[in-house]
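Below: the structure, in structure tokens.
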Amino acid sequence: MNRIREISNALNECEKVTYWSVLGLKERGDVFYLQLGRPSEVISSEEEKHKIMVYNVHENNLGESSQDIIGDAGKSTDYSSVINRLVEKAENQTNPIFEFPSGGGNYVKVPLSDPEISEANVKEIEDKIRLLSEEMNDIVSGKGFSIPRIEFYVYKDESQFLSKSGIVVTEPETKVTLEFEILYKNKNGRKGSYAPTVSCRRFKDLSPKDLIEMYAPYAEYSACAEKTISHKGPVVITGDALLDIFTAPEYGTIFAHPLYFHSSAQMKYNKRSSFDREKSICGDYIKGERITIVSNPHISFGIKSKSFSPDDGLPAMKFTLVEKSEFKNFHGDKRFSDYIGLERRGPIGNIIISPGESRFSDLLGNGVPVIEAFSGFQPNEDSGNLGLEIRIGYVFENGEKVPIKGGLLMGKYFEMLKNMHLSKETRISTGYGYEGPQAIRFENLEICER
Amino acid sequence: MSSLLYCIIINSRSFSMPDVSSLTEELKKIRELAPELVSSVEQKAPYASLLATQTEPTDRLVKSEEESFSTSMPSLHIRITAWNGNTFYSLVTSNPDKDNLFKMAKDLKGSISLDHNGYEIDPGDSLDKHFKNRCEIDPAQVPLIEKKDVCKHAYDILKEYDKRISPSIGYEHIRKHTIFANRSKLLSQTNNFLSFLIQVQAEEVIGGEQVRKTNYESFTGAGGHERTKLASDEKIQKIGEDVIKFLYAGQIKPGKYDVVLHPHLTGLLMHESFGHGCEYDAIVEGRAKSAEYIGKRVGSELVTIKDGGVENQFGSIYFSDDGVISEEPTVLVDKGILQPTMLTDLYTYTIMKNKVPDLKLTVNGRCQNPSRIICPRMTVTYLESLKKEDGGKSFDEMVSGIGDGYFIQGISSGMEDPLGWGLQVKALKATRIKSGRLTEEVFSPVDMTGYVPDVLGSISAVGTEIYFRAGLCGKGHKDYIQASLGGPYVKVRLTIGSI
């Protein structure tokens, strides 16, 4: 019998379980680590796990408890003792009751699986990786650039969600993540590097030429940058730095980002979100352009696409998060949406931001710093305080592009959205689940030199 | 050859079988099978090893407005590795079934092609040993209701202190087991950790502006339920008092200041600078500036940075994921001079040992889990303290010696830059020092930056006692592992700001 069905049967037999769900995940992963052009490690893994969620209603209270089960393949497991322990935990909680999800709903089937990955064996994937890495090295050779490290993570997953109310959904998906270090050494022997991480669903979406074109200048700026600056006023954010500002982190770390922390139904219920529907996300007195942000999980082969939520098994939905800088919808599952009395919108998907009114070239100006990448995007998710070291950037001085590096960009996430101008030109970054302006000029930011 | 060695291990074990009772039943069986699995792969490969890790499902509680009692994420990974002379090839499974493991070993053996001109690996000295860290009160034996009460108690103190505070209390027990085997070694370890985290957020409209501030204190570390006693009522209330003060905090004009760093931030500074800067993979790949500075000054004479050799901390390990036993700490910077001893793993050591004769294989080959790569990672990284008679200073002496400046405490995050030697460190709180005295004026949060050699070069006073703290360390933005950082109070000059 299918393992997930075996767990479901055990859950149905336990009288104290008011409601349950099981999320099953089968994953095959191949990791390739290349150092100085040759593979140092090749790892192939297989994992099967099941997450059991148990709900218990007692004296008008709700308790919920969950456990992942791993390593039970090929053996008989006493699921009833696991379930009883979960029930014991659930019986000790006093959360409000919500209406458990019923089956059905409008699931949009999104293609997320690349047969070139799902049907390939490790050897075939390894050959593909070797070709891609050779192509990357060929493109940069002889120009002062090198790629000393390339890591590929190739996954083929299948997830299945079952619930007591009859929800049965399955989703196969593939994912390739590439992380590499591009190094540049200039004529004076100064070195600079940049280490991008890009993800996609299909090998064909991974273009070595595009990647090198995008990131070789980052390594070059890094090697040539000799100055840090102090500055108060407009700052243009573009490139990877802009992706950091707006794209949603991976599932499981979504609350690490101020925008997705405050737009969460769970945080609203826990009284930690400052957002209210139909109210501005950045307070009053908005001076610049307003922003519209839509979450779309239905883009074919989108990295943040999905057909159902792993939290409640209900459909992933396209919804407006922010319209003209006013907050519209909290993301989250059925439980927390019920708690705050709003319609469920499901998880965050790919982020679509409406283009602005200005040309990119009009956003630039003499003395206006342009930031391409931060050392690490680590804002305070709750207060929105930034404090981000500039890894790659430049400033125009008398019409000349002068690379800058180091120093802190200081400001507050939601404050900076009060006065900004968005470029007309857009970019699509499938690897980050972003479609929106190529650059945004924030009018009131501060940079402190190191 | 390998079969003979295998027999020797089996025989020696029969005389002094270690007590492995702290392992799970699955891992006890895998420990028994490990030598045979390694031996079967070594019928073809010149070197093979087995690495298995398991985290047990334990209690995880969160008390905020919502109550959540779940079970921590368990994991089981069994990895069999073959070295073909140039590359480590591994197969990983979560299925501990004996037949499955032997099939894996057979598949691995069948799939590799040998490079007879490749590098040789020394399996090290023979050893069969089990290790276990200190855990006074096993959280698995503490009733759920008692754990709930600990969380609720902290929650109630903060709620009663000020209604503007939204607390969130997290409790999680982590019990992690590891097995490593090659043809010489059969090692296992059980480590208990307790994560006890108190976070608060406060919000108020001040002068027409909505102000939000956060604060937290982590009592996380090696050990068990006894760690919750570190969170005294006074300490819990102080977390609340501070976040209310932060609501009314002013701004620090960004610039260079003399500051006293709390030991935890000293540790973070060392971790980000010459912790990451001495990871040997980055040096081999030419993406760490340290390579050009070996034997040169990178800090003041007061700067001695070490990694490892410390027991019972969050980042402490008894052996690495490539089977190196933890012994003496590795000295990375000695009295301001960068040392040739770096943090290595088996791969970087193997391909570089003939080119760099002084290179040592250290206890730093670590992975997030066996399905991820093993590479050089820190364990417990710290700045050495100074005895009073050798010039070590007290906190009060440092504050009075500053004149005007700040005392900075509370870790938020940090980011390394091994090639550019930039620094991004975020702290929770700064307290103004005026005329050599600590004032009541606080600022939060605080951002710090600087050029690594300038910052370490400006360390002008070092305290007499080391304090450690738990942390999670990523390689760039991924592959998170447990690490500890520490050091004494230091006096230093760097760029800070708080807006």
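Order of the sequence lines sets the chain letters (A, B, ...), proteins ahead of strands, with each chain counted from 1. Remember, predicted model here, so these are calculated numbers, not experimental data.
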Measure distances from [X] to the heavy atoms of chain A and classify the residue's part below 4.5 Å as side chain, backbone, both or neither.
X	result
B:Thr348	side chain
B:Val211	neither
B:Glu66	both
B:Asp59	both
B:Gln54	neither
B:Phe246	neither
B:Ser413	both
B:Leu91	both
B:Ser111	neither
B:Met104	neither
B:Arg372	both
B:Leu494	neither

I'd like to verify something: which residue of [options] has the highest number of heavy-atom pairs under 4.5 Å with chain A?
options	answer
B:Ser371, B:Gly208, B:Cys375	B:Ser371
B:Leu423, B:Leu76, B:Asn86, B:Asn100	B:Leu423
B:Ile373, B:Thr495, B:Thr214, B:Leu144	B:Ile373
B:Glu285, B:Lys148, B:Lys289, B:Glu203	B:Glu285
B:Trp421, B:Tyr347, B:Trp83, B:Tyr451	B:Tyr347
B:Ile374, B:Thr93, B:Val446	B:Ile374

Any salt bridge between [X] and [Y], counting N to O under 4.0 Å?
X	Y	answer
A:Arg130	A:Glu126	yes
A:Glu46	B:Lys103	no
A:Lys418	A:Asp284	no
B:Asp281	B:Arg287	yes

Interface residue of largest heavy-atom contact number with chain B, from [options], under 4.5 Å:
options	result
A:Ser383, A:Ala223, A:Ser65, A:Gly376	A:Gly376
A:Leu386, A:Val54, A:Leu86	A:Leu386
A:Glu88, A:Arg272, A:Glu449	A:Arg272
A:Glu446, A:Arg391, A:Lys412	A:Arg391
A:Ser274, A:Ser375, A:Ser40	A:Ser40
A:Lys405, A:Lys185, A:Arg85	A:Arg85

Considering residues, nucleotides and ligands other than [X], do more than 12 of their heavy atoms fall under 6.0 Å from its [atom1]?
X	atom1	result
B:Lys159	NZ	yes
B:Lys478	NZ	yes
A:Arg28	CZ	yes
A:Lys51	NZ	no

Report the residues that fulfil side-chain hydrogen bond (donor to acceptor under 3.5 Å, both in side chains) with B:Glu56, sequence neighbours left out, ordered by chain and then residue number.
B:Arg175, B:His177

Applying side-chain hydrogen bond (donor to acceptor under 3.5 Å, both in side chains), can you list everything that pairs with A:Glu179, at least two apart in sequence or on another chain?
A:Arg149, A:Thr197

Any side-chain heavy atom of A:Asp68 sitting closer than 4.5 Å to one from B:Pro57?
no

Determine the interplanar angle of the A:His262 and A:Phe414 rings, folded into 0 to 90°, and report it as parallel if under 30°, tilted if 30 to 60°, perpendicular if over 60°.
perpendicular

Could you tell me which portion of [X] (side chain, backbone, both or neither) has an atom closer than 4.5 angstrom to a non-hydrogen atom of chain B?
X	result
A:Glu415	side chain
A:Glu181	side chain
A:Leu183	side chain
A:Arg190	neither
A:Thr94	both
A:Phe374	neither
A:Tyr153	side chain

Smallest separation among heavy atoms of B:Cys151 and B:Leu61, with atom names:
SG-CB, 4.3 Å

Between [X] and [Y], is there a donor-acceptor pair closer than 3.5 Å when you use the side chain of the first and the backbone of the second?
X	Y	answer
B:Ser444	B:Leu428	yes
A:Thr253	A:Ala256	no
B:Tyr216	B:Ile411	yes

Looking at A:Phe336 versus A:Tyr339, is the centre-to-centre ring distance below 6.0 Å?
yes

From the list B:Thr55, B:Asn369, B:Leu51, side chain to side chain contact (heavy atoms under 4.5 Å, CB included) with B:His77 holds only for B:Asn369

